[in-house]
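Structure first, then comments.
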Amino acid sequence: MSKVQAVSKVSFGQKVAFGIGMLSNQMFPAALSIFMVVLVQNYGFPTWMWAILFFLPRIFDSITDPIMGFISDNTKSVWGRRRQYVFIGAIVMGVSFAFLWQLYIDNGLYYNFVYFLIWSLAFYLGLTIFSVPYVAMGYEMSDDFHERTSIMAVSQWIGQWAWVIAPWFWVVMYDDGWFGTTTETTRNLGIWVGVVFAVLAMIPALFIKSKSTKHDASLAPLTLKTISGSLKEIVVNFKEAFKINEFKKLCFATFLIYNAFNVVAGFSFFIVVYYLFQGDAAAAGLWPTLSGSVSALATTFIVIPIVAKLSKKMGKKKAFMVSQSISILGYIMLWFLFVPGKPYLFLFALPFFSFGIGSLFTLMMSMTSDVMDIDELNTGKRREGVFGAIYWWMVKFGFAIAGLLTGGIMALVGFVPDTVNTEASITGIRLFYSGLPILGTLAAMWIMKTYDLTEEKAMAVSAELEKRKK
C-alpha cells in the first residue's frame, strides 16, 4: 500500500474526525430533501420543474464523481491525495447550499427555477469535490479487516444524527414563530445549515493524518490533457473494477436495497397523513416527523452497534444477511402496524425496519475496502477514489431514477396529494411501501449469497501485499 498510511488500529479520535465529516455528508442531502417541498407548496413550482430539479443535478453528480476520483487518486501534494479537496469542497458545498435557498416569490417562477438549477449544479459540484476524496480517506485509514468495520460504524453512528435532526426542520419551517413565514424560514435555515455543516465538513481535512505524495512517481500527472483524457481511463477503471466479482455484488446489492427504499421513502408521510389521519395534516401533527426521527435514532443506538458486533462475531456477509432479514420483518410489520386511530403502533416496527438501510453502508463500505486490496494485488494500483466513485455512482444514479419512479408509482395507483384519495389508491401506496423494499432486499440477498471474500481470504491478500512492500 504505497500511497496510503494504512495501519491496523486507528485511534478513536481519528474515527470521530472522520465521522464528523459523515455528519455533514449526510446532513446536506437530508436537509435538501426536506427543503425541496417548499418549491412546490410555497413557490408554486409545477411537478415537471420539481422532477427536473431532482433529476438533472444528480445525473451531473454521477458524471463528475468518477472524474474527481481520478483526480484525487493521482494528486501529488505534501498534504496527501485527499485533504485539500475535502477542505475546498466543504466551502463550495456550504456556500452554494446557503445561496440555493435565497428564493423570493416576487422574482417569478421561471427566474426562481433557473436560479435554483444553477445553484443546484454548483452545490453538487461542491458535494463531489468533498465527498469522493472524503469517502476515500475512510477506505484507506486501516488495512485491518475488522478495524475497517469499526471505522465505518463510528462514522455511520455520527452521520445518522443528520437523519434524526433533519425531520425536525419540518416543524421549524411551518412555525412562523421561528423566522417568519415558511419562505423566510427556509432562507434562514439554508444559511445556518450551509455555514455550520461546511465548518464540520472541514474537520477530516484538518485532523485526519495523511502521507505526502509530492514525490510519488507512480501517480499520473494531473494536467488539463490528462484530466480530460481521464474519461477514457475511467471507462477502463469501470471495466477493471467490475472484473472483481465481489465488487460487482456489493454495487448491485446496494443499488437494489438503497434505491428500492428511496423509491417509496416519501410514502411514509402520505401513509401517516392520508391513511392514519384521513388526509388531515394538522391532526397528524408530529407523527410524520417522528417516523423519520425515530428510525434514525433506532439506527444510531440499536442497529449500528449490533451490526458492528455481529460483523466481528460471524463475519461481514453473515451480518449483512441477518440484518437484511430483520429489515424484511420490519417492512411486514409496518403493513400490519399502520392502524388508523392508533398511530403509535407503527413506531414498534421502526427498529426492525431500520436494520435495512441502517446496516447497509456500515458493512458495504467496510467490504469495499477489502475489495480494494484485491484490486491492488491484481493491478499494483491503489484506487480508493476511483472505486469509491464507482460505488457511489451506482447509488447516486439509482437515486436519480428513484425520484422519477416515485412519481410513476403515485400515478399508477392514482394517488394525488392534497386531494381526497380513494381507498384503493391509499392501499396501493401501502403495498408498494412494504412490497418493493422487500423484493429489492430479497434480490440483494440472493446476489450476496455467493459473496466469498471471507476474513481468511482478506487476511491472505493483505499478507501478500505486505510481502510486495518488502
Side-chain angles (χ1 to χ4, degrees), residues 30 33-34 156-157 160-168 170 256-281 283-307 309-310 319-363 402 406 409 413 415 423 425-445:
S33 64
I34 299 293
Q156 290 297 321
W157 191 93
Q160 276 299 311
W161 284 98
W163 302 98
V164 176
I165 296 167
W168 293 95
W170 282 104
L256 287 166
I257 293 171
Y258 186 68
N259 293 304
F261 167 81
N262 274 299
V263 169
V264 300
F267 293 173
S268 58
F269 175 84
F270 298 126
I271 292 171
V272 170
V273 173
Y274 290 89
Y275 182 64
L276 298 186
F277 291 93
Q278 291 74 51
D280 189 343
L286 292 178
W287 288 108
T289 298
L290 287 173
S291 173
S293 193
V294 171
S295 294
L297 283 169
T299 298
T300 303
F301 290 104
I302 300 174
V303 175
I304 292 175
I306 290 176
V307 168
K309 289 182 179 179
L310 286 176
F320 170 84
M321 293 296 193
V322 169
S323 59
Q324 295 305 319
S325 298
I326 294 172
S327 77
I328 290 175
L329 175 62
Y331 282 112
I332 294 172
M333 291 173 67
L334 281 171
W335 172 263
F336 293 101
L337 294 182
F338 276 122
V339 180
K342 298 179 180 179
Y344 57 88
L345 287 178
F346 80 86
L347 297 178
F348 292 103
L350 296 184
F352 299 90
F353 152 88
S354 299
F355 268 87
I357 298 299
S359 68
L360 185 65
F361 294 116
T362 298
L363 293 170
T406 299
I409 289 173
V413 301
F415 185 89
E423 183 179 345
S425 66
I426 295 172
T427 300
I429 288 288
R430 293 185 62 216
L431 281 170
F432 273 100
Y433 185 71
S434 288
L436 187 62
I438 289 174
L439 291 175
T441 301
L442 288 172
M445 292 173 68

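Residue indices begin at 1 and follow the sequence shown. Side-chain atoms are counted along with the backbone in the values below, which use heavy atoms only and exclude waters and symmetry mates.
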Which residues share a side chain to side chain contact (heavy atoms under 4.5 Å, CB included) with S325, sequence neighbours left out: M445

A283 backbone acceptor or donor facing D280 side chain under 3.5 Å: yes

Partner residues of Y331 under the ring pair (Phe, Tyr, Trp, His ring centres under 6.0 Å) criterion, sequence neighbours left out: F353

With I306 via side chain to side chain contact (heavy atoms under 4.5 Å, CB included) - residues at least two apart: I302, L310, F355

Heavy-atom check, side chain of V264 versus side chain of I429, under 4.5 Å: no

Pair listing, side chain to side chain donor-acceptor pair (under 3.5 Å) test, anchored in residues 427-445, at least two apart: Y275-R430

For F301, all residues meeting ring pair (Phe, Tyr, Trp, His ring centres under 6.0 Å), sequence neighbours excluded: W157, W161

Pairs touching residues 336-359 that satisfy side chain to side chain donor-acceptor pair (under 3.5 Å), sequence neighbours left out: S323-S359, Q324-S359

Partner residues of Y258 under the ring pair (Phe, Tyr, Trp, His ring centres under 6.0 Å) criterion, sequence neighbours left out: F361

Residues which pass side chain to side chain contact (heavy atoms under 4.5 Å, CB included) with A443, listed by chain and number, not counting sequence neighbours: L256

Side chain to side chain contact (heavy atoms under 4.5 Å, CB included) between N262 and I357, intermediate numbers included: CA-CA 10 Å; N262 274 299; I357 298 299; 5.8 Å; no

Results of side-chain hydrogen bond (donor to acceptor under 3.5 Å, both in side chains) for Q156 - residues two or more places apart only: Q26

Verdict with reasoning, F415 to F270, per ring pair (Phe, Tyr, Trp, His ring centres under 6.0 Å): CA-CA 9 Å; F415 185 89; F270 298 126; 5.2 Å; yes

S268: side-chain hydrogen bond (donor to acceptor under 3.5 Å, both in side chains) partners, not counting sequence neighbours: none

Partner set under ring pair (Phe, Tyr, Trp, His ring centres under 6.0 Å) for F346, not counting sequence neighbours: F338

Side chains of residues 287-295: which donor-acceptor partners sit under 3.5 Å, not counting sequence neighbours?
from, atom 1, to, atom 2, distance (Å)
S293, OG, V164, O, 3.1
S293, OG, W168, NE1, 3.0
S295, OG, S291, O, 2.8

